[in-house]
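Notes to accompany the following structure.
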Amino acid sequence: GDSVTQMEGPVTLSEEACLTINCTYTATGYPSLFWYVQYPGEGLQLLLKATKADDKGSNKGFEATYRKETTSFHLEKGSVQVSDSAVYFCALLPIGANNLFFGTGTRLTVIP
Amino acid sequence: DAGVIQSPRHEVTEMGQEVTLRCKPISGHNSLFWYRQTMMRGLELLIYFNNNVPIDDSGMPEDRFSAKMPNASFSTLKIQPSEPRDSAVYFCASSLRVMTDTQYFGPGTRLTVL
């Protein structure tokens, strides 16, 4: 069935370090892919998305490229800030579906 | 727009009591989702509605859980009777169209059942 496998955390980085959070998926055809972010005490917010192969989603310095050949959608940022500390969720919307499949979330802590 | 509104933000109750969580979706959105988040299971979809009609409730854990959407601007998730294992953060989300690809989440209700 459709599923998302996400890199387990927690991840702790120093400010200005590079970030990669891995995400791979299982689905038929070309699903839509998302990264959501959850800041402490808040609900999830859409960070970026990609709806077809080779699309690159980007927002707030974060990027992720939809790789059909490797069924991946890894989240990257070149220089993290303390304010990026949050839990990041990879998610999948299968073709024809209306509900998202979420990964387990990866907690990122950025220290000054 | 104020976004998705949930109430209460925090609820503490005793085992056996009835709990009702409320959600107001973004105006004009046609789909509404209820999720539960726990440390053990992560984020789970409980049920979702389209045009006020429940479409998939396969994620509802037991008969103790029920959800309604009497109109386009209001939904409830009820647990009766509540149990300690129901303690979690419950999120409501809404989206614009049936097959839209962006869900907007509310701030959540943190439920503690003693």
Side-chain angles (χ1 to χ4, degrees), chain A residues 1-10 21 23 25 27-53 55 57-59 64 66 73 86-108, chain B residues 2-10 21 23-26 29-60 67 88-110:
Chain A
D2 302 309
S3 66
V4 172
T5 301
Q6 186 174 343
M7 171 178 152
E8 289 191 17
I21 301 177
C23 172
Y25 68 90
T28 55
Y30 291 83
S32 295
L33 300 171
F34 308 81
W35 279 99
Y36 278 81
V37 59
Q38 184 178 26
Y39 297 105
E42 298 183 13
L44 278 72
Q45 303 173 24
L46 179 65
L47 179 60
L48 53 84
K49 67 182 182 184
T51 57
K52 59 183 187 292
D55 265 4
S58 61
N59 186 25
Y66 188 142
F73 194 56
V87 180
Y88 292 83
F89 292 88
C90 186
L92 164 78
L93 181 69
I95 296 172
N98 197 37
N99 55 302
L100 293 168
F101 289 82
F102 284 91
T104 53
T106 302
R107 181 177 298 278
L108 170 66
Chain B
V4 176
I5 299 173
Q6 290 187 247
S7 65
R9 292 295 308 275
H10 302 274
L21 311 181
C23 175
K24 177 179 169 55
I26 293 173
H29 280 194
N30 293 328
S31 296
L32 184 140
F33 307 81
W34 282 101
Y35 290 89
R36 178 172 67 176
Q37 185 179 41
T38 62
M39 290 293 292
M40 292 296 294
R41 294 184 168 173
L43 199 63
E44 304 172 277
L45 177 66
L46 300 178
I47 184 171
Y48 76 90
F49 295 82
N50 184 50
N51 291 326
N52 312 337
V53 176
I55 303 301
D56 184 353
D57 65 353
S58 59
M60 296 286 262
V89 181
Y90 291 82
F91 289 103
C92 176
S94 70
S95 64
L96 187 58
R97 295 180 299 268
V98 175
M99 294 302 178
T100 194
D101 56 2
T102 301
Q103 294 182 17
Y104 296 85
F105 282 73
T109 296
R110 181 174 294 278

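Note that the structure is predicted; figures quoted are calculated from it, not measured. Below, all heavy atoms of this structure are taken into account, side chains as well, without hydrogens, waters or symmetry copies. Below, chain A is the first sequence line, B the second, and so on; all start at residue 1.
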Residues in side-chain contact (heavy atoms from CB on, under 4.5 Å) contact with Glu42(A), at least two apart in sequence or another chain
Tyr39(A), Gln45(A)

Return the OH to CZ distance between Tyr35(B) and Phe102(A), rounded to the nearest 0.5 Å.
4.5 Å

As an exercise, state the distance from CZ of Phe34(A) to OG1 of Thr102(B), rounded to the nearest 0.5 Å.
5.5 Å

Measure distances from Arg9(B) to the heavy atoms of chain A and classify the residue's part below 4.5 Å as side chain, backbone, both or neither.
side chain

In terms of heavy-atom proximity below 4.5 Å to chain A, should Tyr104(B) be classed as side chain, backbone, both, or neither?
neither

Using a cut-off of under 4.5 Å for heavy-atom pairs, which of Ala93(B), Gly108(B), Pro107(B), Cys92(B) has the most such pairs with chain A?
Pro107(B)

Closest contact, heavy atoms only, Gln37(B) versus Phe89(A)
NE2-CZ, 3.4 Å

For Phe91(B) versus Gln38(A), what's the shortest heavy-atom pair and its separation?
CZ-NE2, 3.2 Å

Leu43(B) versus Leu100(A): any side-chain heavy-atom pair under 4.5 Å?
no

Can you tell which of Gly43(A), Gly105(A), Gly103(A) has the highest number of heavy-atom pairs within less than 4.5 Å of chain B?
Gly43(A)

